[in-house]
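Structure record follows, encoded as structure tokens.
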There are 2 protein chains.
Amino acid sequence: MNLTARSSQDAAAPAHDRVYRALRTRIMHGEVTPGAALTLRGIGREFEVSMTPAREAVRRLAAEGALFLSSSGRVSTPELTNERIEELAALRALLEVELASRALPRAHMALIDRLQMINATVAEMVSKRDAVGYIRTNLEFHRTLYLRAQAPAMLAMAETVWLQLGPTMRALYGRLRRTDPPQNHRLIIAALKAGDEPGLRLAVRSDVTQGLRLLAG
Amino acid sequence: MNLTARSSQDAAAPAHDRVYRALRTRIMHGEVTPGAALTLRGIGREFEVSMTPAREAVRRLAAEGALFLSSSGRVSTPELTNERIEELAALRALLEVELASRALPRAHMALIDRLQMINATVAEMVSKRDAVGYIRTNLEFHRTLYLRAQAPAMLAMAETVWLQLGPTMRALYGRLRRTDPPQNHRLIIAALKAGDEPGLRLAVRSDVTQGLRLLAG
DNA sequence: CATGCTTTCATGTGATCACAAAGCCCGCCG
DNA sequence: CGGCGGGCTTTGTGATCACATGAAAGCATG
């Protein structure tokens with residue numbers, strides 16, 4: 001008899017996958033700082049696995065750009081240059097504007113309601129100055145919308161970009177002291193309600209590129 | 001003394017990297033058919049390495065979408081649905097139009113000359129009905145142009161899409177019996193010469209999406 | 001001849017080990 | 001006091017092995 005089959009994907013999954021997922025969310029949510037070093041043995045110790053699954057998880061994350069491998073194989077979170085950050089922001093704009101546009105005709109009231117719920121939590125995180133919580137709920141807002149686009153490959157690419165920006169976003173929003181609620185999110189919701197595609201594209205583009213300009217100079 | 005330091009990146013690199021690169025080009029150039037099965041021990045035997053580096057290479061390629069891992073861990077090249085193909089084509093259009101647009105102001109005569117040289121080889125491959133050769137030189141044409149965009153992250157994403165489409169492109173172009181030279185490539189070159197950005201965007205979009213419509217129906 | 005089961009084999013997973021090289025730290029010498 | 005060298009430690013790499021699982025082949029049965 002098989003004792004596996006847990007709730008969703010927490011245990012019962014291969015060890016390397018469990019490690020991969022844990023590290024992935026940690027990086028995407030900005031729980032690690034740019035340039036932070038990781039070691040295979042350290043990861044193995046933390047997750048109580050051997051080096052083998054740790055190595056596979058790291059390799060996979062490195063392939064997605066979430067981790068940087070030095071020439072000697074040392075692994076750390078990437079420290080992005082300003083140029084790279086701007087390029088990734090442009091990628092976010094490109095991909096997410098398209099995703100939002102594709103989601104628009106499928107966005108019904110239930111979705112908009114859920115987006116408003118999530119957005120309330122985003123505002124709460126901003127007011128609490130909880131950087132990690134803000135990043136997490138902000139990404140949840142975007143993902144909830146984009147899921148309606150029915151474009152899994154495109155969404156995967158967008159998430160890859162989020163992953164690459166994770167540690168840097170934390171560092172950015174961490175030193176950003178603002179308490180104003182997410183205005184662009186309101187514009188996105190309004191455009192969704194009105195079925196205004198150009199407005200939606202503009203709002204998404206603004207939301208995605210804002211906060212990443214404040215580093216130049 | 002260290003005997004390493006070869007020409008470029010062929011040997012002297014870690015075994016897993018060597019295996020990764022070999023498999024990657026094989027997949028991207030369409031040298032494998034969709035759904036083809038691979039085994040870790042088989043890869044290890046072919047490249048004279050153990051299972052460990054073979055596993056890392058496979059894991060990395062799977063993370064890029066170049067390989068499909070079944071729930072039991074079996075590895076094969078992906079068999080794409082029509083919807084997935086259309087989505088990837090849309091991604092190509094999105095990314096490559098942007099890359100071409102960014103390359104345009106930097107495209108000097110030397111680049112255009114080189115593109116014309118490559119394009120001659122593309123035409124030759126078409127006339128010889130060499131599917132793999134066609135895919136390889138066609139991608140070289142695009143990559144040569146996009147390198148001028150100075151956008152490494154964006155180029156990497158485009159290459160990831162190529163990788164996912166590799167086996168399918170082979171299957172498509174394999175049963176496509178045409179001998180007409182690549183007309184869209186000429187349009188791209190003409191637009192580059194004229195500095196015509198809208199024309200360039202249109203030409204790239206056409207080139208990228210053509211040949212992927214002929215599967216619907 | 002088709003169908004169901006059982007046995008067998010191939011395959012992925014994860015742990016452990018030996019090895020080489022890259023850091024790192026401490027002490028020595030200028 | 002500062003730069004530098006040598007030994008120690010940490011780290012990644014790759015090989016090998018035991019194990020569990022899932023697929024495939026063979027066999028018997030209807």
Side-chain angles (χ1 to χ4, degrees), chain A residues 1-6 9-24 27 32 34-79, chain B residues 1-6 9-24 27 32 34-79:
Chain A
M1 178 167 185
N2 195 348
L3 290 185
T4 58
R6 298 298 181 82
Q9 303 236 39
D10 49 324
H16 64 85
D17 215 53
R18 188 165 48 90
V19 176
Y20 164 77
R21 255 190 287 269
L23 291 179
R24 183 177 199 267
I27 294 169
V32 288
L38 294 178
T39 66
L40 299 184
R41 287 175 178 85
I43 294 170
R45 210 174 308 127
E46 178 179 353
F47 293 95
E48 297 182 327
V49 295
S50 79
M51 291 173 58
T52 312
R55 229 195 308 187
E56 296 185 43
V58 162
R59 208 55 79 192
R60 200 168 153 191
L61 288 165
E64 297 181 77
L67 291 177
F68 169 74
L69 270 67
S70 83
S71 60
S72 68
R74 310 293 260 252
V75 46
S76 60
T77 50
E79 297 182 274
Chain B
M1 176 165 185
N2 197 346
L3 290 185
T4 58
R6 298 299 181 82
Q9 302 235 44
D10 48 324
H16 65 85
D17 216 53
R18 187 166 48 89
V19 175
Y20 164 76
R21 255 190 288 270
L23 290 179
R24 182 177 199 268
I27 294 169
V32 289
L38 294 179
T39 66
L40 299 184
R41 287 174 177 86
I43 294 170
R45 210 174 308 126
E46 177 180 354
F47 293 96
E48 297 181 328
V49 296
S50 79
M51 291 173 57
T52 312
R55 230 197 305 191
E56 296 185 43
V58 162
R59 208 53 81 190
R60 200 169 153 190
L61 288 164
E64 298 181 76
L67 289 177
F68 169 74
L69 269 66
S70 83
S71 59
S72 68
R74 310 291 260 255
V75 45
S76 60
T77 50
E79 296 182 275

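The analysis underlying the following values was restricted to heavy atoms, covering all of them including side chains, and did not include hydrogens, waters or symmetry mates. Residue numbers start from 1 in every chain, and the chains themselves are labelled A, B, ... in the order their sequence lines are given, proteins ahead of strands.
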- Ignoring hydrogens and geometry, is there a side-chain-to-backbone donor-acceptor pair from A:T77 to A:G35 under 3.5 Å? yes

- Message: From the set C:dT13, D:dT13, C:dA15, return the single nucleotide nearest to any side-chain atom of A:P14.
- Response: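 That would be C:dT13.
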
- Please determine, for the side chain of A:V49, which listed nucleotide (C:dG14, C:dA15, D:dT13) has the closest atom? C:dA15

Taking atom [atom2] of [N] as reference, at what distance in whole Å does atom [atom1] of [X] sit?
{"X": "B:L69", "N": "C:dT13", "atom1": "CG", "atom2": "C1'", "answer": "12 Å"}
{"X": "A:R45", "N": "D:dT10", "atom1": "CZ", "atom2": "C1'", "answer": "10 Å"}
{"X": "B:R41", "N": "D:dG22", "atom1": "CZ", "atom2": "C1'", "answer": "13 Å"}
{"X": "A:L38", "N": "D:dT10", "atom1": "CG", "atom2": "P", "answer": "18 Å"}
{"X": "B:M51", "N": "C:dA15", "atom1": "CE", "atom2": "P", "answer": "14 Å"}
{"X": "B:L40", "N": "D:dG22", "atom1": "CG", "atom2": "C1'", "answer": "15 Å"}
{"X": "B:I43", "N": "C:dT11", "atom1": "CD1", "atom2": "P", "answer": "11 Å"}

- Tell me whether the OP1 or OP2 atom of D:dA15 has a side-chain N or O from B:S50 closer than 4.0 Å.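 Answer yes for this pair, as a side-chain N or O of B:S50 is under 4.0 Å from OP1 or OP2.
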
- Query: Are B:R59 and C:dG14 close enough that a side-chain N or O sits under 4.0 Å from OP1 or OP2?
  - Reply: no

Name the pairs: protein N/O against N/O of nucleotides 5-10 of chain C, kept only if under 3.5 Å.
none

- Item | Pairwise distance CE(A:M51) to CD(A:E56) - rounded to 0.5 angstrom |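 Output value for this atom pair is 12.0 Å.
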
Determine the minimum heavy-atom distance between [X] and [Y], stating which atoms define it.
{"X": "A:A66", "Y": "A:P78", "answer": "O-CD, 3.3 Å"}
{"X": "B:H16", "Y": "B:A57", "answer": "O-CB, 3.8 Å"}
{"X": "B:G44", "Y": "B:A54", "answer": "N-CB, 4.1 Å"}

- Side chain B:R55 and base D:dG14 donor-acceptor under 3.5 Å: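 Answer no: no donor N or O sits under 3.5 Å from an acceptor.
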
- On DNA chain C, check which nucleotide each of B:V75 and A:E48 is closest to and give me the residue with the more 5' one.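 Nearer the 5' end of the strand: B:V75.
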
- 5'-most by nearest nucleotide on DNA chain D - B:P53 or B:S72: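 Residue closer to the 5' terminus by nearest nucleotide: B:P53.
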
- Task: Decide yes or no on side chain to side chain contact (heavy atoms under 4.5 Å, CB included) for A:Y20 and A:E64, but give the supporting numbers first.
- Result: CA-CA 11 Å; A:Y20 164 77; A:E64 297 181 77; 2.5 Å; yes

- Query: With the threshold set at 4.0 Å, does a side-chain nitrogen-carboxylate oxygen contact exist between A:D17 and A:R60?
  - Reply: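 Looking at A:R60 together with A:D17, the answer is yes, because their closest N to O distance falls below 4.0 Å.
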
